[in-house]
Amino acid sequence: MIKILSAEQIRRWDLYTIKNEPISSFDLMERASEAFVKLLLTKINHKLNVDVVCGPGNNGGDGFAIARLLIEKGWKVNCHLIDFGVKLSEDCRKSYRKYLDICQVNIVKQYKELDLSGELIIDAVFGSGLSRPATGLAGEVIQLINQSSAKTVSVDMPSGLFADKVNLTGRIVEADWTITFQVPKLSFLIPESGFYVGEWSVVDIGLDLNFLKTESSDYSIFEKSDIDRSLFIRKKYDHKGKYGRVLMVAGSLGKIGAAYLSSKAALKSGTGLLTVHIPKVGYGPIQTSLPEAMVSIDSEKEFISQVDNVDAFDAIGIGPGLGTNPKTGKILKSLFTSFNKPMAIDADALNLIALDKELIDLVPKGSVLTPHIGEFNRLFGECDNGLERIEKVKSIAIEKQLVIVLKGAHTVIATPDGKVHFNSTGNSGMATAGCGDVLTGIISAFIARGGDTSTSAKVGVCIHGWAGDLAEKTVGKTALMASDLLSALPKVFSNVESSDFI
Ligand SMILES: NC(=O)C1=CN([C@@H]2O[C@H](COP(=O)(O)OP(=O)(O)OC[C@H]3O[C@@H](n4cnc5c(N)ncnc54)[C@H](O)[C@@H]3O)[C@@H](O)[C@H]2O)[C@@H](O)CC1
Ligand SMILES: [K+]
């Protein structure tokens, strides 16, 4: 788990390391710059003609050190200092002078003096010390960087981007690659601001890990190594009843595939017994395509109108392909009140709740809701930006005692204890029909096994993305379909079951 810290916490972490290691702030800057260059050279193994654009703070100081290290490696470097008429920070000045010992610097007082003709730009104008949106000369310089046809690698952060808030009013570097120090920043994980970061990599600059023991943050990144393997232990004398009974309530005319995908995902995720409740129209296809499932048939032909006898189930997954027929809406109320164990609620079940908002207070505590942004907005209203939305998700999870999974590039899992976890697996190939249905199945299976629902959601989302990443390796992003996730799940689980799974 990676804790996400604010810019202020990162600054204190730097100071803590400087004091406790001890190391001078200048040597820490050198170490950061060396780590940056080392990673850069793993990707670019030929010598380039590079423009390094430096600002007046420590980010600029990193820029001068990086420029010097690249010259030592034989690169042709043009180094520019943007002169905002302010004093350079002490370490930036030191780094600047050290650079001047070997090469000249182009001082830029007006944007016209900035000639970016190299094959690569290293952006070291501002980092986490950005104090206001980049306008005036800063904005013009950033615009020039963005207009250049050269690729841009940002140092620590794209210049103009704030680390821990979404304020897109100034100009912001649109990086191709951001090499950030020690930890990713909150803004990297939010769609609107993450757009500027491009691909990102974290380099370890050796900040003292003891600092993290006492520093708290509501935000963290959930990684594959955070998956608790004990959740997947199957003992020799166990029987299928030990691994949970799932009821999947899904499907309507034209959307029986959603019932298939979610049910198959639950079975592939270790469920002992799975029953899928579908309208009559789905009976033949489901029974044929998924013989492992038991099928419960609704009295209606094209939609679901009643769900009875739910006591025997350990978890219910509801929503995939359900449709929004008012008669289907009516079953939610009775299901929420009669089945007082946590459920996995997705898709049209969420849309039905949005049509009758009082239902949200009847949802069994601890249930997992898996909206995408559109479904979330319908349920809880629009937000001005992604960070506001995450704050809202967090407060609703606390207030309603629910686990809310807001699906996106970095799916957010907000748990009732007020913590927000960003998922680290998955790829854009998964933005395609049916992938959400697979997630509902996976999470339902984990809930049925009796794990706490916060863990079920975090692990479920991570495994789902991991399956997507394996599927991408086989079929690529364009051709990836939800059924490819089902095909990848066995490999994911066999990795988890093996002792050296990461
Ligand atoms: N503190 C440390 O020990 C380390 C810091 N490091 C680097 O230091 C960076 C943070 O350095 P700083 O705190 O000096 O901050 P920055 O270098 O990000 O920027 C601060 C400077 O930019 C100016 N500024 C801010 N916003 C502006 C705007 N909109 N228009 C014009 N000028 C503006 C400020 O007046 C100040 O001069 C990190 O991002 C990282 O790159 C690394 O060297 C690792 C070690
Ligand atoms: K930067």
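Just follow the structure's listing: the first ligand is 1, and inside any ligand the first atom is 1.
Note on ring orientation: taking the six-membered ring where Trp is involved, the planes of His421 and Phe222 are perpendicular (angle over 60°, cut-offs 30° and 60°). Ring geometry for Tyr99 against Phe64 counts as tilted: the plane angle lies between 30° and 60°, on a 0 to 90° scale. Using cut-offs of 30° and 60° on the angle between ring planes, the pair Tyr219 and Phe422 is tilted.
Ligand 1 has no N or O atom lying under 3.5 Å from any N or O atom of Thr135, backbone or side chain. Residue Ser128 has at least one nitrogen or oxygen atom sitting less than 3.5 Å from a nitrogen or oxygen atom of ligand 1, judged on distance alone. Considering backbone and side-chain atoms alike, Ser89 places every N or O at 3.5 Å or more from each N or O of ligand 1. The shortest N or O to N or O distance between Asn59 and ligand 1 is under 3.5 Å. The shortest N/O to N/O separation between Phe84 and ligand 1 does not fall below 3.5 Å. Residue contacts with ligand 1: Phe181 is placed with no nitrogen or oxygen under 3.5 Å of a nitrogen or oxygen of the ligand (distance criterion only).
Between Gly55 and ligand 1 there is no heavy-atom distance shorter than 4.0 Å.
With respect to the salt-bridge test (charged N to carboxylate O, under 4.0 angstrom), the residues Glu30 and Arg68 qualify. Remark: Glu199 engages Lys43 in a salt bridge, criterion side-chain N to carboxylate O under 4.0 Å. In this structure, Glu21 pairs ionically with Arg31, as a charged nitrogen and a carboxylate oxygen lie closer than 4.0 Å. The residues Glu215 and Arg12 are annotated as salt-bridged, a charged nitrogen and a carboxylate oxygen being separated by less than 4.0 angstrom.
A donor-acceptor contact closer than 3.5 angstrom is absent between the side chains of Thr152 and Asp123.
Seen from the K ion (ligand 2), atom O of Met157 and atom O of Asp123 lie 120° apart in angle, a value rounded to 10°. If you put the vertex on the K ion (ligand 2), O of Val155 and OD1 of Asn59 sit 80° apart, to the nearest 10°.
In this structure, atom 34 (C) of ligand 1 has its sub-4.0 angstrom surroundings free of protein heavy atoms. Protein heavy atoms come within 4.0 Å of atom 30 (N) of ligand 1.
Among the atoms of Gly63, none of the N, O or S atoms falls under 3.4 Å from the K ion (ligand 2).
At a heavy-atom distance under 4.0 Å, atoms from both the backbone and the side chain of Leu130 approach ligand 1.
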